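One structure is given below, encoded as structure tokens.
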There are 2 protein chains.
Amino acid sequence: MLKVKVHLNLKLQQMNIGVLGTGTVGETIATALTQKGHNVRMGSRTPNNETAAAWVERSNNHATQGDFNDAAGFGEIIFLCLNGAHVLEALNSIAPESLEGKIIIDITNPLDFTKGMPPQILEGLGNSNSLGEEIQRALPDSFVVKTLNTVNYKLMVDAREVNKGDHHLFVCGNNADAKNKVKHFLVDNFHWKADHLIDLGGIEAARAVEAIVPFWVLVYRSLGTPLFNFKIVH
Amino acid sequence: MLKVKVHLNLKLQQMNIGVLGTGTVGETIATALTQKGHNVRMGSRTPNNETAAAWVERSNNHATQGDFNDAAGFGEIIFLCLNGAHVLEALNSIAPESLEGKIIIDITNPLDFTKGMPPQILEGLGNSNSLGEEIQRALPDSFVVKTLNTVNYKLMVDAREVNKGDHHLFVCGNNADAKNKVKHFLVDNFHWKADHLIDLGGIEAARAVEAIVPFWVLVYRSLGTPLFNFKIVH
């Protein structure tokens with residue numbers, strides 16, 4: 001008797017994704033997504049940015065680059081992988097219609113490392129405000145979901161890098177449907193466990209997840225490795 | 001042949017301990033310590049505070065009460081279990097010599113719950129300052145060690161309440177010897193595992209451990225129980 005192997009069609013839905021930012025986080029996210037078969041356009045302040053062009057050069061044929069507005073318009077969803085100090089300025093250079101109705105995954109942190117340890121939150125963005133909320137205010141017709149900002153970049157794109165993925169990630173944002181889509185995206189692409197994604201509420205919860213990053217930095221200093229994460233045990 | 005049972009003398013060293021504060025945290029700490037055989041004086045703003053007197057009434061004979069200065073003078077080590085908004089004022093009512101050279105275990109949190117969720121850090125105490133640092137500045141001849149402020153009160157006095165004690169607690173302060181003594185105290189009295197106590201550095205790290213409490217509150221809201229803790233996995 002023949003053993004018939006049934007191949008379920010588990011191929012991920014291919015998407016067009018904009019990744020704003022050419023630094024380590026942006027490149028890591030962009031590369032991981034092209035390797036999953038998504039089409040990724042890396043956006044930078046100027047078109048033909050050297051770093052972005054070099055990334056396209058060494059990537060597969062799913063990788064393209066352009067300025068912030070190109071990448072935003074290209075993406076069905078957009079990853080913000082910019083320095084927290086510059087992200088609002090970057091969004092200013094994007095035509096509103098390029099981001100309208102889209103999910104914006106906000107990975108940014110408003111950190112100031114110039115004043116010693118622990119790092120501080122940028123002025124005006126701590127306690128009663130956050131970068132997540134400022135971004136949502138700047139893009140009222142988009143759906144900002146804050147997540148991934150509390151882990152090292154290697155962990156962002158593969159949760160299994162630490163403790164076989166048994167640890168937690170936090171998600172917040174004003175739109176439940178957008179949060180659900182982002183959770184599915186994280187599970188499908190970055191190996192996060194669905195039941196390890198904790199929804200902390202509306203985008204104002206960004207205050208809290210941004211505020212734990214200075215703590216994260218001190219734990220990093222104490223452990224000697226950035227490859228760790230928080231597991232909530234109860 | 002007779003089987004001789006050897007009883008090691010594992011009795012804890014009995015200490016005199018001052019616990020400032022009559023709320024849930026103060027009472028929980030004070031009760032746990034009298035049950036371990038320590039002599040505990042609970043301190044409040046006025047002598048013969050009703051709550052403190054009632055606590056003495058229902059406790060064993062290791063429990064006494066007095067005003068803040070009495071309790072501070074009585075203790076070899078002092079627990080600060082006061083509302084973050086009032087702790088500095090309370091310390092002002094204590095004669096400096098009552099606390100000189102002593103270890104001060106600071107459990108306080110500078111939280112303001114009046115402005116919605118997440119709670120905010122009290123004005124002037126976030127980001128570039130902390131209650132831990134203010135307390136150390138107010139008591140330059142004492143050794144302030146910040147710890148226990150990141151867990152529910154039940155967990156403070158028995159780490160085994162969650163995940164068999166397999167989770168982490170953070171300690172910071174300027175004096176290494178004082179931090180070591182506090183770590184031993186936590187292990188001996190409250191069942192914290194020695195290798196699960198993470199030293200985050202000097203008292204300025206209090207900024208970071210105070211800043212994660214609003215995050216803790218959101219996780220509490222999401223989980224529906226305060227009996228959880230963070231386990232660092234790597």
Side-chain angles (χ1 to χ4, degrees), chain A residues 110-112 115-130 150 152 155 161-168 170-172 197-202 204-234, chain B residues 110-112 115-130 150 152 155 161-168 170-172 197-202 204-234:
Chain A
L111 290 185
D112 179 354
K115 295 172 183 165
M117 287 285 269
Q120 298 187 16
I121 302 291
L122 290 173
E123 211 153 326
L125 288 175
N127 211 14
S128 60
N129 194 13
S130 62
T150 58
N152 175 262
L155 207 44
E161 284 278 334
V162 162
N163 202 36
K164 296 177 181 159
D166 186 15
H167 47 79
H168 290 89
F170 309 97
V171 177
C172 66
L197 302 174
I198 298 184
D199 187 340
L200 293 181
E204 70 284 353
R207 297 174 201 173
V209 288
E210 293 173 11
I212 66 169
V213 181
F215 170 74
W216 184 96
V217 172
L218 293 186
V219 175
Y220 169 19
R221 182 177 70 173
S222 174
L223 294 183
T225 172
L227 281 175
F228 69 88
N229 197 14
F230 309 118
K231 179 181 171 184
I232 309 290
V233 292
H234 53 103
Chain B
L111 290 185
D112 179 354
K115 294 173 184 165
M117 289 283 271
Q120 298 187 17
I121 302 290
L122 290 173
E123 211 152 327
L125 288 174
N127 211 14
S128 60
N129 194 12
S130 62
T150 58
N152 175 261
L155 207 45
E161 284 277 335
V162 163
N163 203 35
K164 297 178 181 159
D166 185 15
H167 47 78
H168 290 90
F170 309 95
V171 177
C172 66
L197 301 174
I198 297 183
D199 187 338
L200 293 182
E204 71 284 353
R207 296 173 201 173
V209 288
E210 293 173 11
I212 67 169
V213 181
F215 170 74
W216 185 95
V217 172
L218 293 186
V219 175
Y220 170 18
R221 181 176 72 173
S222 174
L223 293 183
T225 173
L227 281 176
F228 68 88
N229 197 14
F230 309 117
K231 178 181 171 185
I232 309 289
V233 293
H234 52 103

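Here is how names work: the chains are called A, B, and so on, in the same order as the sequence lines, proteins then strands, and each is numbered from 1. Note that the structure is a prediction, hence the values are computed from the model and not measured.
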Identify which of A:G202, A:S128, A:G126, A:G116 forms the greatest number of heavy-atom pairs closer than 4.5 Å to chain B.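 Greatest number of close heavy-atom pairs with chain B: A:S128.
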Counting heavy-atom pairs under 4.5 Å to chain B, which of A:V213, A:I198, A:V162 comes out on top?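 Most pairs with chain B among the choices: A:V162.
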For B:R221 and A:G201, work out which heavy atoms get closest and say how close.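 Nearest pair, atom of B:R221 first, then A:G201: NH2-CA, 4.0 Å.
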On a heavy-atom basis, which atom in B:A208 and which in A:P214 lie closest, and how many Å separate them?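 Minimum heavy-atom contact is CB-C, 4.2 Å.
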Less than 4.5 Å to any heavy atom of chain B: does that hold for the side chain of [X], its backbone, both, or neither?
X      : value
A:N127 : both
A:D112 : neither
A:V219 : both

How far apart are the C-alpha atoms of A:N229 and A:H168, what are their side-chain angles, what is the distance that settles it, and do they pass the side-chain contact (heavy atoms from CB on, under 4.5 Å) test? CA-CA 7 Å; A:N229 197 14; A:H168 290 89; 5.5 Å; no
Let me confirm one number: the CD-OG1 distance from B:E210 to B:T150, rounded to the nearest 0.5 Å.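 Spacing of CD (B:E210) from OG1 (B:T150) equals 11.0 Å.
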B:F230-B:F170 aromatic ring centre distance below 6.0 Å: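 Here the rings of B:F170 and B:F230 have centres that are no less than 6.0 Å from each other.
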Under 4.5 Å heavy-atom distance to chain A, tell me which part of B:L155 shows up: side chain, backbone, both or neither.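 No part of it gets close to chain A.
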Please flag which part of B:L227 lies under 4.5 Å from any non-hydrogen atom of chain A: side chain, backbone, both or neither.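 Answer is backbone: N, CA, C or O of B:L227 sit under 4.5 Å from chain A.
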Test your reading of the model: is there a side-chain donor-acceptor pair from B:S222 to the backbone of A:D199, 3.5 Å cut-off?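 Indeed, once roles are kept as given, a pair shorter than 3.5 Å links the two residues.
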